[in-house]
Peer 1: 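One structure, as structure tokens, below. Some questions next.
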There are 2 protein chains.
Amino acid sequence: MVRPVLGAALVLTALPTARAAAPAFMPLPVKIEVRTGSLPIDSSFTIGTSGCADPRVSAAAGRITQRILRQTGLPLMGGTVVKLAVECAARGNDYPALGEDESYTLDVAPDRAVLRAPAGVGALRGLETFVQAIVPGAAGFEVPAMRIEDRPRFPWRGLMIDSSRHWMPVELIERNLDAMAAVKLNVLHWHLSDDQGFRVESKRFPRLAELGSDGFYYTQDQLREVVEYARQRGIRVIPEFDIPGHTQSWFPGYPELASTPAQYTIGRTWGIYYPVMDPTREETYTFLDGFLSEMAALFPDPYFHIGGDEVNPKEWNESARITAFIKDHNLAGPEGLQAYFNQRVSKILDKNRKIMVGWDEVLHPDLPQATVIQSWRGNAALADAARKGHRGLLSWGYYLDHLRPASYHYSVDPLGGPAAQLSAADAARILGGEACMWAEYVNAETVESRIWPRMAVIAERFWSPQETVDVASMYDRMAVVSRTLEWTGVRHRANYGPMLDRLTGGRPAEPLRVLAAASEAQGLGPRARAGKYTSLVPLNRFVDAARPESETVRALELAAARFVKNPVAGEDAAFLREQFTQWAANDARFQPLAENNAFLAELKPLSNDLSLLGRAGLRLLAAIEGKQKLPADFLDRHKKEMTRLARPQAEVILAAFRPVKVLLDAAE
Amino acid sequence: MVRPVLGAALVLTALPTARAAAPAFMPLPVKIEVRTGSLPIDSSFTIGTSGCADPRVSAAAGRITQRILRQTGLPLMGGTVVKLAVECAARGNDYPALGEDESYTLDVAPDRAVLRAPAGVGALRGLETFVQAIVPGAAGFEVPAMRIEDRPRFPWRGLMIDSSRHWMPVELIERNLDAMAAVKLNVLHWHLSDDQGFRVESKRFPRLAELGSDGFYYTQDQLREVVEYARQRGIRVIPEFDIPGHTQSWFPGYPELASTPAQYTIGRTWGIYYPVMDPTREETYTFLDGFLSEMAALFPDPYFHIGGDEVNPKEWNESARITAFIKDHNLAGPEGLQAYFNQRVSKILDKNRKIMVGWDEVLHPDLPQATVIQSWRGNAALADAARKGHRGLLSWGYYLDHLRPASYHYSVDPLGGPAAQLSAADAARILGGEACMWAEYVNAETVESRIWPRMAVIAERFWSPQETVDVASMYDRMAVVSRTLEWTGVRHRANYGPMLDRLTGGRPAEPLRVLAAASEAQGLGPRARAGKYTSLVPLNRFVDAARPESETVRALELAAARFVKNPVAGEDAAFLREQFTQWAANDARFQPLAENNAFLAELKPLSNDLSLLGRAGLRLLAAIEGKQKLPADFLDRHKKEMTRLARPQAEVILAAFRPVKVLLDAAE
């Protein structure tokens with residue numbers, strides 16, 4: 001029996017009820033046909049490959065087998081009968097190429113699954129789909145029988161990791177590459193230098209890393225290792241060396257590159273710095289020729305990112321020599337000077353057979369049309385670049401460091417907003433997008449909890465058909481994918497408990513857990529406004545442990561919304577009452593813990609507010625259930641409280657206000 | 001101001017209230033004097049060493065600094081002023097020796113701490129005390145000012161890890177060595193061969209590992225690496241090759257060693273096997289001479305464990321040749337034959353300058369007095385050996401695989417029971433003890449949650465003064481130490497969530513979490529009685545994820561005990577009511593998850609019982625609060641339920657019955 005299904009999202013609720021749980025795919029495949037029965041996954045499970053001359057496929061089959069072992073807890077497999085046959089029609093590229101065929105089909109029957117792909121990289125993508133398809137069934141782990149046809153919507157699906165503001169060790173980059181592969185991302189954009197750290201060994205210019213990194217930099221062997229690690233997973237690595245701004249960390253070693261002569265140290269604060277490179281000295285280009293050529297040889301990808309964002313023109317404007325140069329060369333002010341700089345850099349990259357990628361600001365009529373524009377400014381800027389013949393990537397709307405909810409990122413489309421009006425030819429220049437993980441307010445311990453699971457949602461936006469927009473389905477699947485991603489080794493969930501435990505020095509602190517589950521960490525804006533951060537400030541507080549989005553609160557919001565529609569005693573009312581009761585009692589339990597504890601002291605008002613919400617919630621629940629009217633002063637007072645609670649305290653939002661607000665709005 | 005305190009346990013509640021939390025030491029030091037003020041731990045923290053010619057101390061200082069960074073979340077330290085000065089009076093042994101001086105003193109003042117030790121190994125112990133002393137204070141992390149004097153009660157404080165029944169990778173052994181060092185253990189007894197696996201590479205007899213290990217064995221380089229890793233932490237490594245029983249995995253490669261000629265395969269089931277070595281053939285000793293001499297060279301410790309336990313005499317009794325040998329040599333039956341075997345092995349070890357260690361069964365009048373007896377039979381057997389002049393170790397009462405509560409292990413003393421009657425000279429032969437982690441029902445994913453945190457409690461028994469017996473203090477401190485041990489890298493807490501998540505394929509399953517927190521995994525007995533296990537059966541069920549002892553249930557038991565003494569509406573009643581309400585509602589939430597889920601289906605009765613307990617708890621609470629008498633049939637019925645619930649279901653105990661029973665007993 002074959003039941004073709006049109007929208008993949010439908011399938012997830014349409015699987016036969018004899019199954020405990022349907023697979024939670026993310027990204028959703030283009031097409032899923034559900035069939036009857038399921039393929040058991042047990043210790044005899046074996047992957048076979050045929051026609052896959054690409055050695056990456058057999059390596060991936062071995063890795064995937066190991067991950068299936070971890071994910072299911074099955075002991076070593078010693079099977080001899082192939083249960084998943086991988087068949088490649090052709091070898092494909094050794095190094096992943098922009099636009100290569102990543103499609104695959106997956107046919108799962110009760111006795112055997114077959115994964116077919118035109119090229120090796122499609123097989124890599126399909127293997128990840130197979131892992132996501134494993135669910136616990138009535139007899140153990142299984143993959144429901146089905147046929148999947150799948151291919152990506154956009155050819156460039158990336159994550160940018162900032163290794164400059166805070167150091168990100170090689171192991172961290174590598175395990176995130178595994179997680180990226182799991183959600184079919186294919187570009188790691190690696191932000192390797194900025195004002196606060198120069199993270200790459202240069203043999204030609206050793207003082208870059210020696211004096212610009214506090215000793216935290218990648219050796220060239222490590223860079224090659226990461227490139228190979230990514231290649232094995234069908235992921236391209238695009239290095240970014242941000243020039244001519246965001247360059248203070250270059251100057252301790254090579255002050256002659258700077259526009260203003262001075263003794264420089266590594267930047268410790270955040271924001272846009274004054275010191276920028278001097279584009280008027282020929283020696284700057286000699287240096288960049290040497291440096292970029294050296295780096296070009298380390299990174300096989302034909303694309304190379306030169307940043308180009310947020311150049312502060314102050315020093316250029318204040319230098320008589322530089323303003324004279326602008327005048328002499330008939331350049332249109334500082335912007336013209338940056339365009340001149342970019343043209344010179346473009347020639348160096350061209351000589352090294354590299355195609356330039358830059359942020360919005362590099363866009364200029366004199367720039368070669370091959371230059372790819374990465375837009376942090378938005379769809380309008382991106383559409384503008386596309387109309388001017390540039391290929392482009394959207395990053396606006398995908399800034400993970402802003403800690404916005406997954407639904408927000410999900411709503412942003414590279415071809416949305418003004419880009420929706422593009423002609424087919426112009427639209428075709430939009431290659432996809434990249435999420436950005438800037439590292440002012442994350443370090444190696446916290447960064448993964450800010451990338452995942454929201455990155456998986458953005459990956460779906462880049463891969464799945466544009467019509468894939470069901471937010472409820474997305475959240476249901478994200479919750480599962482967040483947990484199964486753990487088996488790749490990524491630590492976005494693992495560090496949560498220990499970081500909370502740290503705040504009490506390991507004393508059991510359930511009231512702190514309750515508070516954390518009711519809170520959501522805030523990102524760049526609120527943290528910048530806290531005004532106390534430098535790269536030396538520890539990121540070991542409640543805000544660093546708390547998650548950007550609370551599953552508990554979302555569940556309560558949904559329950560509250562159902563309850564106000566149908567206000568009867570039932571599971572929703574019981575669930576809300578339990579939580580509100582716990583919140584109401586929590587502050588009295590929390591306050592003793594917070595005595596003389598610097599980490600908890602700042603949370604005292606937050607904890608007090610949580611109990612306020614619990615009490616209000618209980619009263620609202622009773623009133624709505626009993627169809628009683630609440631006094632106007634109660635409603636007024638709590639409306640004001642909701643407005644207040646929508647603002648951050650201690651750099652977190654007490655998200656718990658949202659389900660209470662649902663009740664309050666209904667009670668009015 | 002110096003306030004000397006007699007019993008260390010007292011100090012923990014006597015610290016000035018201006019401190020949020022007193023350090024939770026485990027093992028408790030011999031003497032703590034609390035002083036005024038505290039030493040701040042911030043990014044400038046630096047350890048200096050002087051007089052410590054032992055390079056292990058500076059290496060440990062570096063490691064400890066890194067652990068403090070992880071534990072506190074502080075960024076890289078760049079301090080130049082020494083905040084913790086380590087001073088050694090002498091170098092001490094390069095390789096840790098039984099009975100060496102492990103004492104130290106630690107003086108913490110608000111500006112500086114000084115750790116003094118007669119030898120390097122004492123400095124290692126004191127560094128771990130310092131880490132445990134770090135607490136969050138009113139201004140950040142700090143160590144309260146104090147003076148500690150400390151030394152171990154017993155010189156042999158060990159953990160036995162069975163790497164045979166299930167494979168334990170090198171990384172796992174190493175991170176457990178870090179955790180062992182953190183609680184001042186000094187012996188890793190490494191059970192390297194048994195019927196189900198021969199885990200060591202022998203260059204002389206390569207077929208031992210080739211045919212006896214399924215490919216899972218330690219290379220000689222890895223063994224040397226582990227020995228060095230342990231040495232750096234002041235831990236001795238005692239290998240155990242269990243002979244002449246428990247030897248089936250030797251025979252696939254070398255069947256001539258067996259008492260009965262046959263083709264042998266690796267053992268897959270548990271229990272005592274029939275195949276045992278043939279002690280009558282001279283070739284057996286030639287083989288053992290070659291093998292043991294090779295192993296003796298790999299393990300520098302002078303002690304060497306030959307097992308000797310549970311020898312099944314069946315094959316000896318049934319062999320005409322062997323019974324003839326027993327008669328010819330005038331041996332006292334099979335036991336006499338084993339004693340003859342042990343004497344021969346003892347001579348081989350003697351030649352290699354090794355002192356034999358064996359389990360109870362090796363005790364025999366003909367055995368050299370230097371032989372150390374490790375007792376799994378109990379204090380009486382141990383006392384018997386001591387009276388006969390043997391030194392001994394207690395392991396009875398410390399079997400971690402039985403999954404008994406920490407309080408049980410805490411109550412067992414190497415010098416308790418019949419051993420308390422020993423003369424001083426005989427008692428001095430009791431060297432200490434070892435906890436045993438047998439691996440029938442654990443694998444690399446679950447073993448750490450069965451070792452820790454209960455191992456820390458046993459470590460306290462071995463280290464701290466005999467009078468250290470306050471169970472409430474022990475549990476309070478164990479809860480903290482369990483969490484802080486995570487920063488050593490050990491994974492006893494980390495795998496809990498992912499293993500539960502696995503059961504639902506990553507679907508969020510709060511009702512499963514509630515059930516798990518109310519349950520306690522059962523150990524050897526109940527699992528063996530389940531009768532379905534072999535080394536190939538997956539350990540991926542609820543029982544494998546669940547913890548041996550529930551913190552939640554303990555907290556509820558304490559609350560229930562306080563409540564029945566003073567049955568008023570208050571925090572205890574509120575806490576109990578919240579939990580009971582959640583339990584009562586949980587089954588309706590759990591059952592849909594369990595539909596067609598093989599892993600949850602077996603838990604349906606357990607879940608139903610939890611809701612039964614919740615309802616009973618609520619009713620009891622109300623009755624006791626309201627001083628109402630409950631109907632006799634309610635009491636009778638629930639008394640029977642309590643008896644039923646004290647028995648395992650699905651190999652776990654629904655520990656939740658205990659707080660309800662406290663109320664029930666009070667209601668009668």
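Protein chains get the first letters and strands the later ones, always in sequence-line order, with residue 1 at the start of each.
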Peer 1: Check whether any side-chain heavy atom of B/Arg589 sits under 4.5 Å from a side-chain heavy atom of A/Glu571, and report yes or no.
Peer 2: yes

Peer 1: Which answer fits B/Trp167, side chain, backbone, both or neither, if we ask what part of it has an atom under 4.5 Å from a heavy atom of chain A?
Peer 2: neither

Peer 1: Just by modelled atom types, is the B/Ala22 backbone N or O under 3.5 Å from a matching donor or acceptor in the A/Arg507 side chain?
Peer 2: yes

Peer 1: Please determine whether side-chain contact (heavy atoms from CB on, under 4.5 Å) holds for the pair B/Phe575 and A/Glu510, giving the CA-CA distance in whole Å, both sets of side-chain angles, and the decisive distance to 0.1 Å.
Peer 2: CA-CA 12 Å; B/Phe575 175 49; A/Glu510 190 59 23; over 6 Å; no

Peer 1: Between B/Phe216 and chain A, which part of the residue has a heavy atom less than 4.5 Å away: side chain, backbone, both or neither?
Peer 2: side chain

Peer 1: Need one label for B/Leu485: side chain, backbone, both or neither, based on atoms under 4.5 Å from any heavy atom in chain A.
Peer 2: neither

Peer 1: Could you tell me which non-hydrogen atom of A/Ala138 sits nearest to which non-hydrogen atom of B/Ala598, and how far apart they are?
Peer 2: O-CB, 3.4 Å

Peer 1: Measure distances from B/Ala574 to the heavy atoms of chain A and classify the residue's part below 4.5 Å as side chain, backbone, both or neither.
Peer 2: both

Peer 1: Does A/Glu578 come within less than 4.0 Å of B/Arg577, counting only side-chain N to carboxylate O?
Peer 2: no

Peer 1: What closest approach, in Å, do A/Glu486 and B/Pro498 show between heavy atoms, and which atom pair accounts for it?
Peer 2: OE1-CG, 3.6 Å

Peer 1: Which bit of B/Leu539 is near chain A, if near means a heavy-atom gap under 4.5 Å: side chain, backbone, both or neither?
Peer 2: backbone

Peer 1: Quick check on the interface: out of B/Met499, B/Gln582, B/His166, who has the most heavy-atom pairs with chain A under 4.5 Å?
Peer 2: B/Gln582

Peer 1: What is the minimum heavy-atom distance between B/Thr504 and A/Pro136, and which atoms define it?
Peer 2: C-CG, 3.5 Å

Peer 1: So which of A/Gly506, A/Ala588, A/Gly497 has the biggest tally of heavy-atom pairs under 4.5 Å with chain B?
Peer 2: A/Gly506

Peer 1: What residue, out of A/Ala555, A/Gly140, A/Gly73, has the most heavy-atom pairs lying under 4.5 Å from chain B?
Peer 2: A/Gly73

Peer 1: Using a strict threshold of under 4.0 Å (side-chain N to carboxylate O), is an ion pair present between A/Arg70 and B/Glu445?
Peer 2: no

Peer 1: Only counting residues at least two apart or in another chain, list the ones meeting side-chain contact (heavy atoms from CB on, under 4.5 Å) with B/Glu551.
Peer 2: A/Pro508, B/Ala479, B/Arg483, B/Arg493

Peer 1: Locate the shortest heavy-atom distance separating B/Leu74 from A/Pro538; write the atom from each residue and the value.
Peer 2: CD2-CG, 3.7 Å

Peer 1: CZ of B/Phe141 to CG of A/Asn597: how many Å apart, nearest 0.5 Å?
Peer 2: 8.0 Å

Peer 1: For the side chain of B/Asn596 and the backbone of A/Gly137, is there at least one donor-acceptor N/O pair under 3.5 Å apart?
Peer 2: no

Peer 1: Between A/Leu503 and chain B, which part of the residue has a heavy atom less than 4.5 Å away: side chain, backbone, both or neither?
Peer 2: backbone

